[in-house]
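Structure record follows, encoded as structure tokens.
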Protein chains: 2
Amino acid sequence: MQKEHNLSKNQKIIFDLIDKSREPMKAYSILFNVQKKGIKAPLQVYRALDKLVEIGKIHKIESRNAFIACQNSSCQVSKATAFSICESCENVSEISNSKLSKYLSNFSDSSGMKYSKYNLEFFGLCKKCKSK
Amino acid sequence: MQKEHNLSKNQKIIFDLIDKSREPMKAYSILFNVQKKGIKAPLQVYRALDKLVEIGKIHKIESRNAFIACQNSSCQVSKATAFSICESCENVSEISNSKLSKYLSNFSDSSGMKYSKYNLEFFGLCKKCKSK
DNA sequence: TTATAAATGTTATATTATTACATACTGTTA
DNA sequence: TAACAGTATGTAATAATATAACATTTATAA
């Protein structure tokens, strides 16, 4: 199970904002949105984001420099993430597919490298955009 | 087969530099290295990088904002990329594993999304760093 | 309670990437 | 070859993303 983390004040403000958002949020858009709550500087945002990523409450979409709340109540998600990204509407969702995650978590090759984490991003067109 | 592209002057300068590098290169490090060749501005670098990525001669390592030359002579690689990244020495290499690429290229789920591209980044410790 | 780790606040700055606009080159085809 | 379209280049300015450095405060636990 995921360890229960007591979020600090800033962490909670920022997590709640991201969690409510239907789309990935960028750091400076987060900053803009929390300024009325007293969070004034980029570093305050980035520190909270770093922590939230570390404990798996949010994920960074690397190709977009944006953050979404974890959709997955199960454990280990911060070490094994997969997303689908629509290149037209930019909708992003977390893929929760146990076969996929099992396959990738168990992946090993001849390089002698020990993999402890992965991030996978699929790109394409979502149902809506496909039919346009 | 991969279409043969005649690289332009800037594209060639920048590709050659990246191709010779044993590690992923960042845009501004590339800029610094090609200034003696007359490429003076970030935009000149980014334009060449964009094109080189588009035609699959290089790949962007999203989690590192860095670029490496494609190690794969086969086609389609720019649409189906996988890398292993050592979190200690930051060594990055392209994974060429046909089972993995087949599995991911054929991946589909119930979302109704049509996937046309993916990027996968594995993290861990390489052989050398593991034994330290 | 005292020490330690974690979080916060603040200023400044570094790094990564794009906009906007003008010009030049390359290849095609009329 | 002239005209065109598409691609590439040059340049300046600026936007967007992220971190360094330092001082202080709060939470946790020994």
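Chain letters run A, B, ... following the sequence lines, proteins first and then strands; every chain starts at 1. Side-chain atoms are counted along with the backbone in the values below, which use heavy atoms only and exclude waters and symmetry mates. Just so it is clear, the structure is predicted and the values come from calculations on it, not from any experiment.
B:S8 has no side-chain polar atom (N or O) that falls below the 4.0 Å cut-off from OP1 or OP2 of D:dT7. Remark: B:N65 is in phosphate contact with C:dA17, judged by side-chain N or O atoms under 4.0 Å from OP1 or OP2. Phosphate contact (OP1/OP2 of D:dT17, side-chain N/O of A:K26, threshold under 4.0 Å): present. Residue B:Y46 places at least one side-chain N or O closer than 4.0 Å to OP1 or OP2 of C:dA17. Not one side-chain nitrogen or oxygen of A:N6 sits closer than 4.0 Å to the OP1 or OP2 atom of D:dA27. Between A:K9 and C:dG9 there is a side-chain polar atom (N or O) within less than 4.0 angstrom of OP1 or OP2.
Counting only N and O atoms by type, the side chains of B:S63 and B:E121 include a donor and acceptor under 3.5 Å apart. There is no side-chain donor-acceptor pair under 3.5 Å between A:N10 and A:S8.
Between the CG atom of A:D50 and the P atom of C:dA7 there is a distance of 11 Å, rounded to whole Å. For the pair B:I14 CD1 and D:dA8 C1', the interatomic distance rounds to 12 Å; values are reported in whole Å. A:N10 has its CG atom 16 Å from the P atom of D:dT25, to the nearest Å. Rounded to whole angstrom, the span from the CD atom of A:Q35 across to the C1' atom of C:dT10 amounts to 14 Å. Summarising the geometry, the separation between CG on A:L49 and P on D:dT19 is reported as 10 Å, rounded to the nearest angstrom. Whole-Å rounding puts the B:L43 CG to C:dT19 P distance at 10 Å. Taking atom NZ of B:K51 as the reference point, atom C1' of D:dA8 lies 10 Å away to the nearest angstrom. In this structure, CD of B:Q44 is placed 14 Å from C1' of C:dT18, rounded to the nearest angstrom.
Residue A:K60 is classed as a sugar-phosphate contact, given heavy-atom separations below 4.0 Å to backbone atoms only.
For A:Y103 and B:Y103, the ring centers are positioned less than 6.0 Å apart.
With sequence neighbours excluded, no residue forms a side-chain hydrogen bond (donor to acceptor under 3.5 Å, both in side chains) with B:S88.
Of the residues listed (A:I58, A:L7, A:N33, A:I39), the one engaging A:I14 in a side-chain contact (heavy atoms from CB on, under 4.5 Å) is A:I39, and it is the only one.
When each of B:K40 and B:Q11 is assigned the nucleotide of DNA chain D with its nearest heavy atom, B:Q11 is the one assigned upstream, toward the 5' end. Nearest-nucleotide assignment on DNA chain C puts the 5′-proximal partner with A:R47, out of A:P42 and A:R47.
For D:dA15, its base never sits under 3.5 Å from the side chain of A:Y28 at any donor and acceptor pair.
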